[in-house]
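Just follow the structure's listing: the first ligand is 1, and inside any ligand the first atom is 1. Just so you know, these numbers use all the heavy atoms, side chains as well, and skip hydrogens, waters and symmetry mates.
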Amino acid sequence: MAQLPVLENAFLVLSNGKVQDYGTMDNFNRNAWPEHEQKEAHGRYVLPAFCDSHTHSVFAAYREEEFVMKIQGASYADIAQKGGGILNSANKISTIDEKSLFDSSLQRINKMIDSGIGALEIKSGYGLDLENELKMLSVINTLKEKLSIPIKRTFLAAHAIPAAFKDKKRDYVDEIVNHWIPYVGNKGLADYVDVFCETGYFDVGDLRSIGEAVAGSNLQLKVHVNQFTSIGGIAEAVNQKAVSVDHLEVLTEDDVSKLKGKNTIATLLPGCSFFLGIPYAPARTLIDNNISVALASDFNPGSSPTYNPFFIWSLACIKLKMTPLEALNALTVNGAFAMGLGHSHGRIFKGYNGTLILTKPTPSIDYFPYAFGENHTQEMLNI
Ligand code: NIG
Ligand code: FE
């Protein structure tokens, strides 16, 4: 992860949405590309676009009122108990119409693309019943149709226990397993299924039932796990061949050993740690154990209201102690693999996708995460 080849004084040829060629300027033959418009990039970098593999970027409204409660001392759990948190977003999803949800989400996602994101995963999960989950999935599917970047669709089936099932969580999980997952899978409405495996939400038994339902479908598993407590979800997720386990702020030695040598990617979300004031995931321990680490924004109104990939890059360096190049690999190629796009996105390779970042003038790669809080993207190249 520490290695990322850099070409200085380079040329790069883009056309038909793909990287056609690159090399150093002394090997550049302008005549080979007579029809191509030329752009000068002196003093700038061309970077692979960020591949944000964990977002909740379709939502009805921000929740800045909870932010103020938090400043006054309330925890994520306190807020959830008062009907805030995921249930607050769910209430708002149940009253918004599909067109308004689409319009507001599109506006946000266009800003994400302008800031350097070239592939995006989006989760449902604020529906909490089939009708509203399908509304969210329908919006995600329309975004996928309309946007020029690839969108991976995650059915976050088990996100929180709705009030109507307060003391009947098992019935809710049965509903998800027996009806929702087969329906969404058969209709081809999603690529992944996600579960929030956490104390007070869904336990390891629930994760197992859901994982088994996913194994019998054409979908794959991703898991929110070890955000606040370590309850055995990582071992189960690895057993169920989850594509990724996401969060990992609270990680035991046993959890780390379960991830070692496996294909499941550890997706870290430092924006959430920053915003909620919870521990940062032990990225160094994971990397030192040769576990693939991806970074994502977790953009959502409750625990990470930013999508800014450059800020996530800074947090990864400053708080997770990742080097600038490790973090860039985690935000690009490893993010791409965490959403099944590792062979077409996240790297500058011949034949790979040609949506790339042209940065503002910059002294070095290290400067990007160092000068935190800035958007260093000058423009997205998308030819
Ligand atoms: O990834 N942890 C669960 N889900 C989201 C937060 C959702 C919310 O608070 O709206 C997360 O942090
Ligand atoms: Fe999340």
TODO: Output the atom name for the N/O/S atom of His56 with the smallest distance to the Fe ion (ligand 2).
DONE: NE2
Open item on the list: Between Lys123 and Glu121, does any NZ, NE, NH1 or NH2 come within less than 4.0 Å of an OD or OE carboxylate oxygen?
Closed with: yes
- [ ] Could you tell me whether Glu65 and Lys92 make a salt bridge, using a distance below 4.0 angstrom between a side-chain N and a carboxylate O?
- [x] yes
Task: Element-labelled atoms of ligand 1 that are located less than 4.0 Å from some non-hydrogen atom of His54 - done: 1 (O)
TODO: Distance to 0.1 Å, residue and atom name: give those for the protein heavy atom nearest to atom 4 (N) of ligand 1.
DONE: His159 NE2, 2.9 Å
Open item on the list: Under 4.0 Å from a heavy atom of Tyr76: which atoms of ligand 1 are those, numbered in the order shown and with their elements?
Closed with: 6 (C), 7 (C), 8 (C), 9 (O)
- [ ] Identify, by name, the N, O or S atom of His54 lying closest to the Fe ion (ligand 2).
- [x] NE2
Task: Separation of Ile365 CD1 from Tyr45 OH (nearest 0.5 Å) - done: 5.0 Å
Task: Tyr126 neighbourhood, listing ligand 1 atoms whose heavy-atom distance to it stays under 4.0 Å - done: 7 (C), 8 (C), 10 (O)
- [ ] Using a strict 4.0 Å cut-off to heavy atoms of Gln227, name the atoms of ligand 1 that fall inside it.
- [x] 2 (N), 3 (C), 12 (O)
TODO: Measure across Phe196 and His159 and return the closest heavy-atom pair with its distance rounded to 0.1 Å.
DONE: CD2-O, 3.3 Å
Open item on the list: Tell me whether the Fe ion (ligand 2) has His224 as a neighbour, meaning an N, O or S atom of it below 2.8 Å.
Closed with: yes
Open item on the list: Between the side chains of Asp78 and Lys82, is the shortest nitrogen-to-carboxylate-oxygen separation below 4.0 Å, so that they form an ion pair?
Closed with: no
Open item on the list: Please give me the minimum heavy-atom distance between Ala80 and Tyr201, naming the atom from each residue.
Closed with: CB-OH, 3.9 Å
Task: Proximal candidate to atom 12 (O) of ligand 1 [heavy atom criterion; set Ser303, Ala90, Ser304] - done: Ser303
Open item on the list: Against ligand 1, does Phe59 come closer than 4.0 Å with any heavy atom?
Closed with: no
Open item on the list: I need the atoms of ligand 1 closer than 4.0 Å to a non-hydrogen atom of Asp298, numbered in the order shown.
Closed with: 1 (O), 11 (C), 12 (O)
Open item on the list: To the nearest 0.5 Å, what is the distance between CG on Asn132 and OG on Ser138?
Closed with: 12.0 Å
Task: Validation row, ring centre His54 to ring centre Phe299 under 6.0 Å - done: no
TODO: Could you say whether the N/O atoms of Ser89 and ligand 1 ever approach to under 3.5 Å?
DONE: no
- [ ] Of all N, O or S atoms in Asp298, identify the one at the shortest distance from the Fe ion (ligand 2).
- [x] OD1
Task: Atom pair CZ (Phe310) and CZ (Phe50), whose distance is rounded to the nearest 0.5 Å - done: 4.0 Å
Open item on the list: Strictly below 4.0 Å, N to O, side chains only: are Asp97 and Lys135 in salt-bridge contact?
Closed with: no
Open item on the list: Could you check whether any heavy atom of Glu198 sits closer than 4.0 Å to an atom of ligand 1, since that is the contact criterion I want to use?
Closed with: no
Task: Asn300: numbered ligand 1 atoms lying under 4.0 Å from its heavy atoms - done: 6 (C), 7 (C), 8 (C), 9 (O), 10 (O), 11 (C), 12 (O)
